[in-house]
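Step one of this worksheet: look at the structure below.
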Amino acid sequence: MADFTLKTGTDGVAVITWDCPGKSMNVMSFEGLAELDACIDEVLSDDSIKGAVITSGKDSFAGGMDLNILASLRDAIEGDPAKGVFEGVMRMHGILRKIERAGMDAKSHKGGKPIVAALPGTAMGIGYELPLACHRIFAAETKAKIGLPEIMVGLFPGAGGTTRLVRKLGAMAAAPYLLEGKTLAPAKAKAAGLVDEVVAPGELLAKAKDWVLNASDADLLKPWDAKGYKMPGGAPYTPAGFPTFMGAAVMVHGKTKGVYPAARALLSAVYEGALVSFDEALKIEARWFTKIVLDPTSGAMIRSLFLNKGALEKGAVRPEGVEDQRVRKVGVLGAGMMGAGIALVSAMAGIEVVLIDARQEAADKGKAYAESYMDKGISRGKATAQKKEATLALITATTDYAALEGCDLVIEAVFEDPGVKAEVTAKAEVVLGEDAIFATNTSTLPISDLAKASARPGQFIGIHFFSPVEKMNLVEIIRGRETGDRAVAKALDYVRQIRKTPIVVNDARFFYANRCILPYINEGIRMVGEGVAPWMVEHSAELLGFPVGPLQLTDEVSIDLGVKIAKATKAAMGEAYPDADVDDVVFWLADQGRMGRKAGAGFYAYDDKGKRQGIWPGLVEKFPLAEDQPELVQVQHRLMMAQVLEAVRALEEGVLTDIREGDVGAILGWGFAPWSGGPFSWLDMIGAGKAVEICDRLEAAHGPRFAAPKLLREMAEAGERFYTRFDPARAA
Ligand code: NAD
């Protein structure tokens with residue numbers, strides 16, 4: 001069975017149908033490309049064929065390139081991966097260029113055959129680059145997404161998408177699609193110039209064929225192949241274009257801090273390509289693309305953000321043999337910030353929700369959150385009145401525990417207090433059916449301890465959301481000592497229903513994500529106490545690709561929460577508590593009433609409107625700057641190792657059981673430098689030997705918290721990498 005098949009009707013129009021057997025969405029493979037090539041040759045050589053429509057046999061057009069292709073290109077020419085990738089990419093350019101020129105005469109541009117793309121739905125990556133090479137793009141009017149999201153996984157469009165889109169729209173207009181990976185639904189894609197026609201789904205093929213039958217020579221000629229072509233918005237060295245190209249370089253560097261090589265390479269391909277002919281520009285695009293494919297960051301990003309994230313979402317760690325546990329009715333206890341968010345995302349996924357709080361006003365307020373969220377969605381054109389009505393109709397806000405009857409899952413998000421949690425657990429279990437699973441959203445309390453309040457600890461589990469629930473895509477599922485497989489499967493199936501990414505970890509203080517992020521925050525604060533310039537701490541983090549520095553992060557989550565966590569940790573750890581010097585800074589800020597952003601005062605100063613104004617000058621008055629400031633890289637090593645070592649320890653202790661979860665969870669959970677692919681990928685990039693060297697230096701200078709874990713030392717000695725040791729099938 002082939003991916004591409006060609007059938008010519010009595011009207012003389014060939015319909016090339018892309019339909020990868022056994023896949024829910026088309027992806028481009030080598031075999032597929034060769035088949036497409038053969039179909040195009042047939043269209044161009046058979047005199048009875050007037051032109052062609054390329055469409056799909058599925059609801060969508062295509063999801064993109066089979067990313068495994070890149071790995072095989074790297075290996076295609078032994079000893080010369082760059083040559084393998086470059087030549088493979090140029091072959092692809094050749095096929096797409098053949099479609100674009102469609103047999104027309106090189107000089108007169110006459111005699112070509114029209115080839116159009118008819119997109120029934122989603123068209124991403126190569127699924128949009130192929131249409132860009134066609135003479136006209138028809139899209140069915142749906143909510144599908146069209147665009148080039150490659151940049152999100154550390155690549156950029158390398159099958160001519162970069163060169164064509166810039167020449168079609170101009171550098172400025174193409175920027176959001178290339179640099180941010182923005183995708184649009186068909187109607188908006190038409191308004192933006194990404195597609196040419198949007199038609200009713202039932203008319204897609206007929207309209208596309210009609211165009212083929214009526215197209216003139218002039219309709220087939222791409223503007224960039226016509227004499228006197230000028231790039232929309234201006235080429236780099238024109239008065240109109242110059243500021244765009246200058247501005248783009250500044251903007252990209254400002255946003256990426258130079259740690260995303262794909263964004264830089266993309267800019268270079270666009271800029272250099274704009275100075276030469278179209279065919280030369282394709283070659284330039286291919287060279288930059290090759291460089292990026294060979295950069296370790298793209299491999300790590302693809303592995304974590306695409307392959308492994310996808311695998312986890314599809315149930316890679318789901319216990320085997322447990323039947324479908326999809327949730328029909330969920331109870332949410334506590335309608336505060338987290339409970340309201342959990343109710344909202346559940347109802348949006350079509351699950352019936354009973355939202356309980358101690359007082360009716362509080363329960364109503366929780367439901368009102370869903371209402372205002374949907375209203376915002378409507379005003380932004382992202383939701384409809386019907387969707388809002390349907391979502392709200394699924395949420396019952398009440399104080400009555402009897403309403404929990406029939407719930408197959410309950411998630412509690414009441415105060416972080418074991419007594420309150422025990423009380424609601426017992427109250428809920430009285431009403432719940434025997435099979436129901438009870439989950440806690442606690443962020444700090446051990447699951448196995450909370451499970452003591454349950455009459456059925458095997459059905460008790462942690463489902464830890466991050467705030468704000470509707471935005472944060474990671475959900476940490478925590479197995480307590482007695483948690484059974486069905487509870488894990490239930491949690492995983494539920495997370496899949498609400499379309500988030502799960503990781504499953506074992507029970508330990510702060511589980512995984514918070515366990516790693518706290519040392520990062522603490523290290524930053526500790527440095528302030530030592531007299532390291534606070535702005536240097538923040539910039540060091542930003543230059544590593546962290547979305548926010550440790551001090552800003554502390555302000556965001558609030559200083560009082562920091563105080564609370566510190567006190568609880570100290571109580572639990574006693575003498576062994578290692579963070580007294582961090583507390584000196586945090587407790588002092590709390591004493592000054594500087595509780596963080598919500599108070600308009602924290603590590604940072606804020607204006608009347610709550611806008612951050614820079615580090616509060618009082619901070620360096622209290623903790624004066626040391627005369628000798630460290631090198632940037634020393635600060636970065638401290639910030640990076642503080643969290644990475646914690647991830648290694650979590651693996652060593654069996655809290656993490658799968659490094660894929662460790663990497664994906666770090667990026668989605670706390671924004672760990674996405675370019676690195678996660679802590680384990682980063683360690684693999686620098687090598688265990690180098691990591692141990694850094695640890696030894698940091699330990700000598702700053703103490704035992706930087707001591708290299710045994711596992712890391714062992715790996716350094718054996719010259720091993722995490723992905724070869726723990727996940728050889730996916731080692732890049
Ligand atoms: P919150 O104070 O906003 O909400 C708690 C809600 O529980 C309140 O509406 C309160 O009225 C209600 N409640 C208290 N006792 C109750 C009872 N006996 N019966 C019914 N309702 C009761 O708190 P939150 O920030 O939503 O946190 C809730 C839980 O989620 C905590 O365990 C917290 O550790 C955890 N959590 C919080 C975050 C976060 O960022 N805030 C993140 C992850 C997990």
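Computed from heavy atoms alone, side chains included, the values below leave out hydrogens, waters and symmetry copies. First listed ligand is number 1; within each ligand, the first listed atom is number 1.
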Give me the nearest non-hydrogen protein atom to [atom] as residue plus atom name, then the distance to 0.1 Å.
atom: atom 2 (O) of ligand 1; answer: F415 CE2, 3.5 Å
atom: atom 40 (O) of ligand 1; answer: S467 CB, 3.3 Å
atom: atom 15 (N) of ligand 1; answer: V420 CG1, 3.5 Å
atom: atom 32 (O) of ligand 1; answer: E416 OE1, 2.5 Å
atom: atom 22 (C) of ligand 1; answer: V414 CG1, 3.5 Å
atom: atom 24 (P) of ligand 1; answer: M338 CG, 3.8 Å
atom: atom 43 (C) of ligand 1; answer: F465 O, 3.1 Å
atom: atom 19 (N) of ligand 1; answer: Y401 OH, 3.4 Å

Review point. Do any heavy atoms of V424 fall under 4.0 Å from ligand 1?
Key: yes
Worksheet item: K365: heavy atom below 4.0 Å from ligand 1, yes or no?
Response: no
Can you see whether [X] engages [Y] through a side-chain donor-acceptor pair at a distance of less than 3.5 angstrom?
X: Y494; Y: S346; result: yes
X: T398; Y: D400; result: no
X: S681; Y: R303; result: yes
X: T501; Y: N473; result: no
X: S454; Y: Q459; result: no
X: E416; Y: T442; result: yes

Does any part of the side chain of [Y], heavy atoms only, come nearer than 4.5 Å to the side chain of [X], both counted from C-beta?
X: I477; Y: V495; result: yes
X: V430; Y: Y401; result: no
X: F680; Y: L651; result: yes
X: F726; Y: D658; result: no

Got more than 12 heavy atoms from elsewhere within 6.0 Å of CD, Q360?
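Atom CD in Q360 is packed in, count exceeds 12.
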Worksheet item: Short list, please: which atoms of ligand 1 are under 4.0 Å from a heavy atom of N441?
Response: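 Those atoms are 30 (O), 35 (C), 36 (N), 44 (C).
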Quick note on ligand 1: atoms under 4.0 Å from a heavy atom of H464 include exactly 43 (C), 44 (C)
Item to check | Heavy-atom pair with the smallest gap, counting every atom of Q643 and W670 | outcome: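 Result for this residue pair: OE1-NE1, 2.8 Å.
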For atom 36 (N) of ligand 1, is the nearest protein heavy atom under 4.0 Å away?
-> yes
For ligand 1, find out whether one of its N or O atoms is nearer than 3.5 Å to an N or O atom of [X].
X: M337; answer: yes
X: K421; answer: yes
X: T442; answer: no

Counting heavy atoms only, which of [options] comes nearest to [atom]?
atom: atom 21 (N) of ligand 1; options: G336, A362, A358, A363; answer: A358
atom: atom 12 (C) of ligand 1; options: I411, I342, D357; answer: D357
atom: atom 5 (C) of ligand 1; options: A413, G366, G334; answer: A413

